[in-house]
Amino acid sequence: MKGNIIKYAQDNIDTDVIIPGQYLKVHDYAELATHAMEGLDPDFHSKVKEGDFILSGKNFGCGSSREHAPIALSHSGIKAVLALSFARIFYRNAVDGAFLLPIEIDQDAYNAISEGDEIDIDIASNEIKNITKNQTYKMKPFSEIIGKIISAGGLFKYKPDQD
Amino acid sequence: MGKTLFEKIWESHVVVEKQNEPSLIYVDRHLIHEVTSPQAFDGLRLNNRKVRRPDLTIATMDHNVPTNDRSLPILDQTSAIQIKTLEKNCKDFGIKLFDINSPNQGIVHVIGPQLGITLPGTTIVCGDSHTSTHGAFGALALGIGTSDVEHVLASQTLWLEKPTPFEIRVEGKRKDPHAVTAKDIVLSIIKHIGTGGGTGTVIEYRGEGITDLTMEQRMTICNMSIEAGARAGLIAPDDKTYDYLRGREYTPKNYESLVDSWRDNLKTDSDAKFEKQFVLHIDDIAPQVSWGTNPGMTCDVTDSIPSPDEFSKGDSNQKKGAEKALAYMDLKPGTAIEDIKIDRVFIGSCTNARLEDLIEASKVIKGQKISPHVRAMVVPGSQMVKKQAEEMGLDKIFIDANFEWREAGCSMCLGMNPDILSPGERCASTSNRNFEGRQGTGGRTHLVSPVMAAAAAIKGHFVDVRKMDLS
């Protein structure tokens, strides 16, 4: 899966800046997407392209349990968020609806990857290739069940009986 | 080896457990509200599913309800639609709803305990991160997203990776318990362990500093567990817990026999092991004021704003975060907290809008007027809190001091209804999050206790409430 990086070099990006509270009344996902990251980066909507990835620091998605947060990012075109760590409810919401891939990376990868870098994520080998910089990093593998839910396309498409 | 309280509740609710996989957990109580439930009901309809246990599902409307005159129509059309949608969903699926006109309406985390719906040893979920509040009763209470709301509606279960137990011991006694409150304890904890300090854990709060607290104060502590990143927070039940729940509207008929079994079972064994531990000594803690844009960016009221270098202790992202926070908050390092002027005061939210919070705040303002440049409001946590406060005459104390006295709801905690800050306005708020834009685009939030908010309203700037007579 290839895409370009939008980097927010900070920790604690909360769900209130990912999708501010006043938009939790919006049910149309395309409209919701126009307000994604509005609380942090008003230019996000104009610069994000289908297939882009977000890169950020620790505790990404902290705060509210609003599933609108991964939905707004997903419908903006974001396919994965790479972060040093995730708040658990955000992580869970992202996986449940298969909205985007929450990928945990280490400090070296975080430091090395820059805004605009073209990245190729290979889940099968748990590798992230930086095509722009010709580097390769390891990602933290998904746990078995998270991997299965993601492959199935979300919690409601995953059938445990198939094991 | 012994077990922690969390492990005991967990084990008694496991439906399916396999090695190295999340477990399927039975849900005893499912609380729903208007904002995170509509898509879940849409999903049920789409798949022709029913609500498995409507009798264990309770709904109210709190997030976007107006807090002014409720005889008027709701002007915000999108809010009106969400409220109507919840009414229809509850009717179609046979769910008990405390609607906008119900005497039981209120913030979901205030009404659950108040009605005796929240019980020790149970599992409680809600599509809201502050569900952790109910942990004050020794329940395992988890905030979930909308997909999981749908999953619980359909199956009464939740799949969950088992969190690890985290012990936070609060030791000692507060010198002035009217001025140094439960809010100051929990803000102190988050200041020390950070907003990610509890990630992946269930916190059990223990020690004299916790058992000394009333039930309402314990709810304030557990409420903010999520701000430390924890999945949940809980406190072992004791006589205070059992007395609080006795005789409430939905308290079970066989309550006394339940209490007997809770007394035997709902405690952490003396030889149980916690994976993580933290101790806070509270003998000398001061009232807390947040200065930044997450709850970990907090200091004593007697302190000055720290420099990004002091705050970050060498971590570059922390430093950048502090610089960004100070720019957003329009504050400079070295400014004394007591010199910060405020424009607005909000006493409300699931953290601090219960009767005791209003009683304590009213003691600070009684017979005084708020500063002429301040606009202040009290939004009781539930209609029942409002009624009880009015019976005690608290509404008059607040109104005489020029506070606005509102109807119950989440209100300015998250800026979904018309109660918001204007850009640049600075607010002393008893809520739980000081994130950028949380209380309105460009609004600046300082988290404080109800008595600190009341004192700031009177003086027009932050003030150490310990200097005031609260007897």
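Keep in mind that the numbers below use all heavy atoms, side chains included, and drop hydrogens, waters and symmetry copies. All chains are named by letter (A, B, ...) in the order of the sequence lines, taking the proteins before the strands, and each is independently numbered beginning at 1.
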Taking side chain as C-beta onward, heavy atoms only, is [X] less than 4.5 Å from [Y]?
X        : Y        : answer
A:His68  : B:Gln39  : yes
B:Trp159 : A:Ile149 : yes
B:Asn417 : A:Gln22  : no
B:Met416 : A:Leu24  : yes
B:Asp315 : A:Lys58  : yes
A:Ile146 : B:Glu21  : no
B:Val35  : A:Lys25  : no
A:Val26  : B:Thr78  : no

With a 4.5 angstrom heavy-atom cut-off, could you sort out which part of [X] is near chain A: side chain, backbone, both or neither?
X        : result
B:Leu160 : both
B:Ile144 : backbone
B:His130 : neither
B:Arg438 : both
B:Asp76  : side chain
B:Thr131 : neither

Residue [X] versus chain B: region with a heavy atom under 4.5 Å:
X        : answer
A:Ile71  : neither
A:Ala9   : both
A:Tyr29  : side chain
A:Tyr110 : side chain
A:Leu155 : side chain

- Identify which of A:Glu144, A:Glu38, A:His27 forms the greatest number of heavy-atom pairs closer than 4.5 Å to chain B.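 Of the candidates given, the most pairs with chain B belong to A:His27.
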- Message: Counting heavy-atom pairs under 4.5 Å with chain B, which one of A:Cys62, A:Gly97, A:Gly63 comes out on top?
- Response: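 Winner by heavy-atom pair count: A:Gly63.
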Specify the closest pair of heavy atoms between [X] and [Y], including all atoms of both residues, with the distance to one decimal.
X        : Y        : value
B:Ser147 : A:Asp96  : CB-CB, 3.7 Å
A:Asn59  : B:Thr195 : ND2-O, 3.4 Å
B:His151 : A:Phe156 : N-CZ, 3.7 Å
B:Glu436 : A:Val17  : O-CG1, 3.8 Å
A:Ile89  : B:Ser129 : CD1-CB, 4.2 Å

- Task: Examine the side chains of B:Asp128 and A:Ser65 and answer whether a donor and an acceptor come within less than 3.5 Å of each other.
- Result: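 The criterion, which ignores hydrogens and geometry beyond distance, is not satisfied for A:Ser65 and B:Asp128.
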- Task: Check side-chain contact (heavy atoms from CB on, under 4.5 Å) between B:Thr85 and all other residues, then give those that pass, not counting sequence neighbours.
- Result: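 Scan of B:Thr85 (side-chain contact (heavy atoms from CB on, under 4.5 Å), adjacent residues dropped) gives B:Pro38, B:Ile81, B:Asn89.
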Tell me if the [atom1] atom of [X] is crowded by more than 12 foreign heavy atoms within 6.0 Å.
X        : atom1 : value
A:Asn134 : CG    : no
A:Lys47  : NZ    : yes
A:Lys140 : NZ    : no

